[in-house]
Amino acid sequence: MTKNKLVLIDGNSIAYRAFFALPLLNNDKGVHTNAIYGFTMMLTRILEDEKPSHILVAFDAGKTTFRHQTFSEYKGGRQKTPPELSEQFPFIRELLDRYSISRYELENYEADDIIGTLSLQAEKEGFEVKVISGDKDLTQLSSEDTTVAITKKGITEIEEYTPAHIEEKYGITADRIIDMKGLMGDSSDNIPGVPGVGEKTALKLLKEFGTLEDLLNSIDQVSGAKLKEKLEQHKDQAIMSKQLATITREAPVEVSLQDLHYKGYELDQVKSLYKELGFNSLLDKLGVADEDAEEESLEEISYTIVEKIEQAMLTDHNAFYVEILEDNYHYADITGFSIVNESGSYFISKEAALQSELFKKWAEDPDKKKTVYDAKRSEVSLRHHGIHLKGVDFDLLLATYIIDPSETIEDVASVAKKHGYSAIQSDEIFYGKGAKRKVPEKEQLAEHLVRKALVLDSLKNQLIDELEKNKQSDLFYNLEMPLSLILADMESFGIKVDLNRLKEMGKEIILKLDEIEKNIFALAGEAFNINSPKQLGVILFDKLGLPVIKKTKTGYSTSADVLEKLEADHEIIREILHYRQLGKLQSTYIEGLLKVVNNESEKVHTRFNQALTQTGRLSSTDPNLQNIPIRLEEGRKIRQAFIPSEQDWVIFAADYSQIELRVLAHIADDEKLISAFREDLDIHTKTAMEVFHVEAEDVTSNMRRHAKAVNFGIVYGISDYGLSQSLGITRKEAGQFIERYLESYPGVKQYMEDIVYDAKQKGFVTTLLQRRRYLPEITSRNFNMRSFAERTAMNTPIQGSAADIIKKAMIDMAARLEKEKAKSRLLLQVHDELIFEAPKDEIELLSKIVPEVMENTVELKVPLKVDFSFGPTWFDAK
DNA sequence: CAACACACGC
DNA sequence: GACGTACGTGTGTTGG
């Protein structure tokens with residue numbers, strides 16, 4: 001017989017927590033749902049993790065409780081519950097009813113007291129008890145049978161208070177928590193305590209004297225005259241405070257433990273409430289994806305399954321959809337096509353299309369306009385069949401991304417849904433996911449693909465209007481759309497890899513890894529899996545007794561910054577760091593790269609995601625060629641394996657110098673920063689001079705390092721905390737650095753203030769070329785969310801404008817290479833640099849035109865500066 | 001299979 | 001006074 005388990009939830013406290021932890025979500029009926037949603041998340045998690053046999057959610061009853069008789073100002077000065085939260089309580093009660101979970105409130109008592117009373121009863125009956133709240137006061141209930149879980153950050157993370165944990169954390173037993181409260185008070189409940197006594201002092205006193213009463217009986221033995229006087233003076237107040245903080249275990253609760261038995265819930269009940277509230281993600285989790293709704297909305301459509309293509313089907317203006325099921329379109333096969341135009345709606349099988357000369361001619365005709373979804377993907381896959389797609393005049397994927405980069409775009413259906421168009425199923429539902437994925441019969445496939453083309457057809461004009469309204473037409477038509485074709489070229493062409501070089505490096509690294517592994521095992525005194533942070537933690541901190549610097553939620557942290565601090569303590573640390581470094585090279589950059597090299601061409605074909613990042617940057621996958629090592633020499637050598645695809649060619653790399661800071665100088669219109677760049681000064685040294693008020697010759701390398709980190713922080717929008725981490729200084733010091741920086745560059749300071757104000761007014765920020773990022777959280781009452789949104793407001797115009805500039809440079813560069821009839825080709829973009837391969841006899845040309853084009857692609861108040869180099873491998877182009 | 005910890009680049 | 005803090009991608013481990 002397993003033990004009964006009672007879960008007691010502090011309903012008010014969890015609702016508050018959820019409300020402040022989540023942004024103010026609205027459902028389609030205009031009801032705020034963030035607290036309900038957070039509460040639901042918490043509740044389902046508890047049911048799953050704890051599997052209680054009994055459960056109750058306690059709420060506070062009215063305004064006053066028996067505590068007010070003792071102290072009329074109890075909970076005085078507390079802010080009124082925001083109406084946005086109040087309106088959610090009825091739903092939370094409804095939710096509990098649907099879940100068949102008991103809830104209870106009691107006149108004159110707080111939720112705490114109900115919990116205290118029932119937990120005591122349950123303990124006596126031999127139950128295991130779990131209390132869940134956001135209020136640390138509840139920890140006083142912790143006992144051998146009762147664990148108190150307090151939400152930490154957000155709503156999903158909790159900290160569990162067992163008697164042992166309390167002793168470890170505070171150095172006092174659980175039953176002394178109330179004595180501590182008596183001394184230190186509690187400002188949120190307006191419990192006074194003893195003025196001048198905080199947590200530290202309270203704990204010190206209790207450790208020395210025992211209970212509050214013990215302490216007050218021996219005040220004369222307290223060291224420190226001031227403290228003694230305070231205690232003497234506020235003796236009664238301390239006793240009263242302790243009383244107020246004490247949870248009663250004898251409230252006249254009218255429910256019995258039997259009443260709290262939990263028998264599970266009725267799926268339909270919960271489901272219908274979720275639907276009403278618009279909790280779609282939770283509906284999915286219930287495993288009851290809303291099939292009927294999907295079915296309902298799918299109106300019938302008519303279309304033709306084309307056996308033989310005829311000229312009349314291919315017109316001047318078309319919605320054209322190319323289906324490729326695998327996500328890596330470099331290697332995947334085309335599944336089929338659909339076309340919608342004024343002549344009709346068609347499904348065309350892969351075979352029917354590719355055998356047709358008419359189709360090829362139409363696809364390659366720039367005057368036959370096509371609206372597509374993901375032009376790059378369509379283009380690259382058609383090329384495998386010798387067809388060069390031309391005449392794309394609208395890409396639904398890119399338009400959706402430009403209009404709002406925060407929308408997660410999964411497939412045509414997800415885009416359709418966002419614009420209120422529902423006559424289509426998602427690919428996940430239509431094809432199935434994971435192992436269940438399969439291509440259905442032709443009839444069904446045909447219908448699904450035609451539906452996609454219909455979406456293209458019907459959303460196009462709507463999105464064109466939206467782009468126009470946002471003044472983003474130029475960005476869309478003249479930047480992102482042409483860029484997608486350039487990226488298609490880069491991706492299809494690929495980059496040659498020196499397989500032998502890579503394999504050789506792999507062998508060397510394996511030898512070294514074996515050696516280091518032996519050393520580590522010898523130093524540890526046993527063999528273990530070095531790649532397992534868990535096992536490594538046990539060795540370092542339990543067996544070798546090294547000091548614990550940081551913990552993660554699952555155990556000890558063994559990250560590099562922690563290990564570096566331990567380097568002097570044990571020689572095993574150096575070995576582990578080296579092992580990690582080489583292990584990363586081996587698994588990600590040697591084996592990982594070898595896995596994705598095309599065996600025939602010996603090239604890698606990355607895919608640039610052009611519709612993903614919030615800032616407008618590209619990202620790169622399979623392989624990611626934007627994070628090839630460079631910082632450490634050992635890793636940098638990986639670049640020796642990237643070589644030109646033709647004999648006697650070179651790799652030519654050009655990078656913008658300090659593009660983000662130059663952009664900042666421009667948009668902030670900061671006089672000092674502008675003149676620094678006009679004079680082409682070393683910007684980090686210059687910043688050090690300004691921040692530390694010294695002359696150039698007095699800037700030490702440490703000052704420059706600090707200045708560089710601050711510049712870095714400005715560019716990436718990190719917080720004082722982030723800066724303190726990267727410099728190994730305190731948060732306060734980091735904050736002072738940032739302040740001094742802003743004093744040094746008043747234009748920047750003004751910009752930072754203006755942009756945040758602007759973002760609050762408009763709800764979004766823009767870049768040089770009108771890219772947008774919406775920041776709804778900038779008005780959040782949650783400090784963290786608001787701060788993050790504010791930093792994003794400052795940072796996105798900087799990083800996003802830099803992204804705009806290099807994208808434009810890529811387009812200009814492609815045009816210029818064509819004009820020069822050069823053979824050189826662009827291979828990669830890595831955020832602020834462009835990598836080309838070039839015949840040796842074009843090095844001179846590139847050395848002239850690459851900097852010229854990149855530096856002049858836009859005109860800013862400061863010059864743009866480009867450095868370049870070249871060599872037989874990417875490694876040598878440094 | 002998802003979540004986590006870690007590490008690489010900009 | 002605490003909160004939990006740049007963005008991406010890929011790897012290995014772990015536990016359901």
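Keep in mind the model is a prediction, meaning the values are calculated, not measured. Within every chain, numbering begins at 1; the chains are lettered A, B, ... in the order of the sequence lines, protein sequences first and strands thereafter.
- Taking the ring centroids of Phe642(A) and Phe875(A), they lie at or beyond the 6.0 Å cut-off.
- Pairing for dC3(C) is absent, with no Watson-Crick or G-U wobble pair whose two atom distances lie under 3.5 Å.
- As judged by a 4.0 angstrom heavy-atom cut-off over every strand, Asn531(A) is placed among residues touching the sugar-phosphate backbone only.
- Within 4.0 Å (heavy atoms only), Gln799(A) reaches no atom of the nucleic acid at all.
- With rounding to whole Å, Ile798(A) atom CD1 is found 15 Å from dC7(C) atom C1'.
- In this structure, CG of Leu625(A) is placed 14 Å from C1' of dG8(C), rounded to the nearest angstrom.
- Side chain of Asn624(A) to backbone of Thr621(A): no donor-acceptor contact under 3.5 angstrom is found.
- Residue side chain Phe783(A) meets the stacking definition with respect to dC3(C): its ring centre sits within less than 5.5 angstrom of the base's six-membered ring centre, and the planes differ by less than 30 degrees.
- Between Arg607(A) and Glu491(A) there is no salt bridge, since no side-chain N of the basic residue sits under 4.0 Å from a carboxylate O of the acidic one.
- Of all nucleotides in DNA chain B, those with any atom nearer than 4.0 Å to a heavy atom of chain A start and finish, going 5' to 3', at dC4(B) to dC10(B).
- Gly722(A) comes within 4.0 angstrom of nothing in the nucleic acid, heavy atoms only.
- When heavy atoms are screened at a 4.0 angstrom cut-off, Asn609(A) is found touching no nucleic acid atom at all.
- Contact annotation: Thr621(A) does not reach the phosphate of dG8(C) (side-chain N/O to OP1 or OP2, under 4.0 Å).
- Within the nucleic acid shown, Asn529(A) comes within 4.0 Å of sugar-phosphate atoms alone, with no base atom in reach, counting heavy atoms only.
- Contact annotation for Gln614(A): backbone-only contact, meaning every heavy-atom pair under 4.0 Å involves sugar-phosphate atoms and none involves a base.
- A donor-acceptor pair is defined here as one N or O able to donate and one able to accept, closer than 3.5 Å; no such pair exists between the side chain of Ser724(A) and the backbone of Thr730(A).
- When the C1' atom is used for both dA6(C) and dC8(B), the distance is 15 Å, rounded to whole Å.
- Formation of a donor-acceptor pair under 3.5 Å by the Arg773(A) side chain with backbone atoms of Thr766(A) is not found in this model.
- Remark: aromatic rings of Tyr741(A) and Phe737(A) are distant, center separation not under 6.0 Å.
- Between His605(A) and His330(A), the two ring planes are tilted [angle within 30° to 60°].
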